[in-house]
Amino acid sequence: MALRVYNTLSQTKEPFQTVAPGRVGMYVCGPTVYSKSHIGHMVGPVIFDTIKRYLTYLGYQVSWVVNITDVDDKLIVQAQKDGTTVKELAEQVTADSLDCLAALSVDGIDHMPRATEHIGEIIAITEGLIEKEFAYESGGDVYFDVNKAESYGKLSHRDPDDLMVGARIEPTTLKRNPGDFALWKRSKPDEPSWDSPWGPGRPGWHIECSAMSLKLLGAHFDIHGGGLDLVFPHHENELVQSESYTGVPFASYWMHNGLLTKDGRKISKSDPGTIVLMSDLLRDYSPDTIRVLMLSSHYRRPIDYGPTRLAEIDRGLQTFHRAFERFEELGNEPFHQLDAPRTRADWKAGDAPALREIAEHRTRFLDAMDDDFNTGGALGELFEVVHALNRTAAALTAASSPADLADYRSGMVVLKELSQLLGLFQKPPAKPEVGGDALTGDLLELLIELRARLRKEKNFAMADEVRNRLTGLGVVLEDGAQGTRWRIEPKH
RNA sequence: GGCUCAGUCGCCAAGUGGUAAGGCAACGGUUUGCAAAACCGUCACCCCCGGUUCGAAUCCGGGCUGAGCCUCCA
């Protein structure tokens with residue numbers, strides 16, 4: 001199956017064809033850095049990170065750009081409130097954002113350009129648009145004249161005339177049409193400002209993305225992404241100003257992720273009860289859990305977040321962690337150190353029946369990804385793979401041949417390969433630290449050893465008491481053929 | 001009011017014309033000193049009404065319900 005991608009422009013899934021053979025340019029709208037990241041901010045990055053992983057696996061060389069908006073009304077207001085400068089606020093919030101991205105294994109971003117570092121490019125485009133008469137200067141502001149562009153509305157599928165009805169647009173005498181949007185804004189005293197042909201000012205919201213994508217990816221690139229709520233007006237405006245300026249098509253594919261809701265309500269700054277800071281969430285849940293939440297359904301659908309849901313996912317993920325432990329016990333090799341195939345052609349099933357089954361699920365996984373990055377379907381196959389591996393592991397004994405062990409390992413490599421495509425299980429679990437420090441681990445090993453003696457002496461009453469009391473402390477013991485395992489239960 | 005999108009097991013969710021993946025929960029069983037884990041098994045006529053078709057969860061029409069956008073928002 002060949003890759004197909006849903007395009008907001010055509011509202012259909014289209015075969016994926018790049019501008020330049022073998023290369024993909026991808027631009028995703030990033031944060032406005034005026035307050036710390038909440039969970040909703042991470043949906044787009046996780047999804048597009050997964051998309052980049054898959055495109056890379058398919059053999060494309062992907063260049064991924066995520067912009068940082070570090071000049072904006074909201075930054076100005078917030079900095080004043082905090083008694084700090086816009087620059088300092090932007091730096092703090094950007095650092096938080098980068099921490100969250102790193103924690104969630106979003107590590108495929110190639111460029112994170114800042115708006116303030118591209119003022120020259122922004123001015124040049126604005127001048128060009130005035131020259132071509134798509135834009136006009138008015139009282140120190142510069143506006144894009146939406147009536148000059150026939151195609152306006154083609155992305156959000158709206159009739160420009162309909163837009164005006166019911167839209168609450170600030171009355172201003174500066175604009176020719178109510179729908180015109182600012183490319184450049186005259187700045188008030190005490191606001192960040194840059195010199196321009198129209199006097200001191202700062203860029204409008206939409207123009208920075210046009211400037212930075214043009215600079216880093218060229219006039220015509222492959223994928224433009226962002227949240228569904230950005231389709232209008234942001235992306236529509238970005239699209240019309242870019243194409244008006246360059247005269248060539250802008251992005252080939254527009255991809256929009258669904259929004260996250262909390263208990264059914266959209267996460268938004270204007271609804272404080274819905275805000276869940278990423279840094280807080282990461283204290284209670286593993287990055288994998290959060291990532292799976294975002295990848296468990298198709299990226300265009302809304303996702304509802306809640307503690308119950310995360311706990312559910314967490315429990316499901318335990319299946320994988322136990323399979324990794326089992327693998328390490330049987331083969332003396334940590335799952336996390338396995339080398340995964342880098343492309344589809346780098347793994348072959350061979351003749352072993354166990355591997356044939358895994359190969360089937362692998363095919364279905366990849367087919368799902370080919371179908372507009374259907375991570376939900378792919379995730380289902382991942383569970384099938386781990387179950388198949390557990391069956392294989394259960395059949396292994398001390399008398400098993402090296403060939404059987406090799407097949408088991410080969411199946412594990414597939415699990416590594418596929419989970420890596422989703423960005424899961426990238427880091428070894430931080431087990432000893434969970435309870436505090438390494439001493440915890442040593443003490444538990446001691447208790448387990450003593451309990452093993454009790455069991456050997458058939459003093460089950462005492463052995464059970466040790467286990468029960470540990471359970472009460474949040475430590476679960478599991479007796480297996482290879483000895484006793486312990487783990488700390490998450491508190492939620 | 002306008003423009004989009006969605007409605008599949010108790011909950012989450014895949015499936016875009018040929019008689020319903022997977023996860024969580026639940027219930028049997030194997031295993032275990034007992035547990036846990038693992039494994040095996042059970043658990044859905046796909047919001048409603050009409051239509052197209054040999055055949056529809058999947059296509060069309062009409063309802064009902066929910067979400068997003070039209071205003072800053074990932």
Side-chain angles (χ1 to χ4, degrees), chain A residues 8 11 13 28-32 34 37-48 66 72-74 77 153 156-159 161-170 179 205 225-234 236 256-261 264-271 292-294 296-298 300-304 306 308-309 311-319 321-323 325-326 361 364 368 371 374-387 389-395 455 458-461 463-464 467-468 471 476-481 484-485 487:
Chain A
T8 305
Q11 298 174 291
K13 284 181 201 170
V28 176
C29 290
T32 298
Y34 75 105
S37 294
H38 65 245
I39 181 171
H41 290 127
M42 291 296 131
V43 177
V46 165
I47 285 164
F48 287 98
V66 176
D72 177 271
D73 289 338
K74 281 170 299 197
V77 171
S156 52
H157 304 284
R158 289 162 216 262
D159 183 336
D161 295 330
D162 290 343
L163 293 177
M164 310 316 160
V165 183
R168 280 174 282 157
I169 295 170
E170 279 178 46
W205 174 35
L228 260 168
D229 54 347
L230 295 180
V231 175
F232 191 89
H234 184 230
E236 190 73 63
H256 292 99
N257 60 271
L259 303 178
L260 196 85
T261 58
R265 287 183 296 160
K266 183 189 166 185
I267 292 193
S268 129
K269 301 259 162 56
S270 46
D271 189 352
V292 168
L293 171 76
M294 291 165 181
S296 61
S297 80
H298 187 90
R300 256 179 294 127
R301 297 190 50 175
I303 310 160
D304 193 56
T308 321
R309 177 97 182 92
E312 248 174 55
I313 291 170
D314 209 68
R315 250 170 278 142
L317 251 24
Q318 298 297 332
T319 305
H321 293 125
R322 292 190 187 117
E325 283 174 17
R326 194 164 302 126
H361 292 303
R364 282 196 213 125
D371 185 12
N374 180 358
T375 52
L379 217 39
E381 298 303 328
L382 204 63
F383 273 94
E384 296 280 11
V385 171
V386 79
H387 286 140
L389 285 166
N390 278 339
R391 278 192 290 276
T392 309
R455 291 176 67 211
K458 302 226 185 291
N459 188 348
F460 294 123
D464 288 351
R467 188 174 60 196
N468 289 339
T471 305
V476 176
L477 296 191
E478 289 176 10
D479 299 325
T484 299
R485 271 204 290 265
R487 67 167 193 281

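Below, each value reflects all heavy atoms present in this structure, side chains not excepted, and no hydrogens, waters or symmetry copies.
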Integer-rounded Å distance: [N] [atom2] and [X] [atom1]:
X      : N     : atom1 : atom2 : answer
A:L293 : B:C11 : CG    : P     : 18 Å
A:L259 : B:C72 : CG    : C1'   : 14 Å
A:R487 : B:A38 : CZ    : P     : 9 Å
A:I39  : B:A74 : CD1   : C1'   : 12 Å
A:H298 : B:U16 : NE2   : C1'   : 13 Å
A:D229 : B:A67 : CG    : P     : 16 Å
A:Q318 : B:A25 : CD    : P     : 11 Å
A:I313 : B:C12 : CD1   : C1'   : 8 Å

Just by modelled atom types, is the A:G377 backbone N or O under 3.5 Å from a matching donor or acceptor in the A:N374 side chain?
-> yes
Just by distance, do the side chain of A:E384 and the backbone of A:H361 share a donor-acceptor pair under 3.5 Å?
->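 A pair under 3.5 Å: no.
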Side chain of [X] (C-beta onward), nearest among [options]:
X      : options             : value
A:F383 : B:G23, B:C3, B:A21  : B:G23
A:R467 : B:G33, B:A38, B:G2  : B:G33
A:R391 : B:C39, B:C24, B:A36 : B:C39
A:R455 : B:C70, B:C34, B:A38 : B:C34
A:E312 : B:A74, B:C70, B:G23 : B:G23
A:F232 : B:C69, B:A35, B:A14 : B:C69
A:T319 : B:G7, B:C24, B:A37  : B:C24
A:H387 : B:A74, B:A37, B:G23 : B:G23
A:R309 : B:A37, B:G22, B:C12 : B:C12
A:N390 : B:G23, B:C39, B:G33 : B:C39

Distance below 4.0 Å between A:N468 side-chain N/O and B:A35 OP1 or OP2 = no
OP1 or OP2 of B:A25 less than 4.0 angstrom from a side-chain nitrogen or oxygen of A:R315, does that happen here?
-> yes
Point-to-point distance, once rounded to the nearest 0.5 Å, from [atom1] of [X] to [atom2] of [Y]:
X      : Y      : atom1 : atom2 : value
A:C29  : A:H256 : SG    : NE2   : 7.5 Å
A:I39  : A:L260 : CD1   : CG    : 5.0 Å
A:D72  : A:T32  : CG    : OG1   : 5.0 Å
A:H387 : A:T319 : NE2   : OG1   : 5.5 Å
A:L228 : A:R300 : CG    : CZ    : 9.0 Å

Using the [atom1] atoms only, state how far [M] lies from [N], rounded to an integer number of Å.
N     : M     : atom1 : value
B:A56 : B:G22 : P     : 24 Å
B:G7  : B:U58 : C1'   : 14 Å
B:A26 : B:A44 : C1'   : 15 Å
B:A67 : B:G62 : P     : 22 Å
B:C27 : B:G33 : C1'   : 25 Å
B:C48 : B:U42 : P     : 26 Å
B:C45 : B:G18 : C1'   : 15 Å
B:A25 : B:C60 : C1'   : 38 Å

Heavy atoms only, 4.0 Å cut-off, all strands: where does [X] land among base, sugar-phosphate and nothing?
X      : value
A:G380 : base
A:G376 : base
A:N374 : sugar-phosphate
A:L477 : base
A:E384 : sugar-phosphate

Judged by modelled atom types alone, do A:T484 and A:R467 share a side-chain donor-acceptor pair under 3.5 Å?
-> no
Of A:D464 and A:L230, whose nearest nucleotide on RNA chain B comes first from the 5' end?
->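 The residue closer to the strand's 5' end, by nearest nucleotide, is A:D464.
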Hey, which sits more toward the 5' end of RNA chain B by its nearest nucleotide, A:H157 or A:V386?
->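 Result of the comparison: A:H157.
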Paired with [N]: which nucleotide, if any, by Watson-Crick or G-U wobble criteria at under 3.5 Å for both distances?
N     : answer
B:U30 : B:A38
B:A14 : none
B:C5  : B:G66
B:U71 : none
B:A20 : none

So, does the side chain of A:D72 form a donor-acceptor pair with the base of B:C72 at under 3.5 Å?
->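 Counting by modelled atom types and ignoring angles, no donor-acceptor contact under 3.5 Å is found here.
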Using 4.0 Å as the upper bound for N to carboxylate O, is an ion pair formed by A:E325 and A:R322?
->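 No.
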Pi stacking test for A:F460 and B:G33: under 5.5 Å apart, planes under 30° | yes
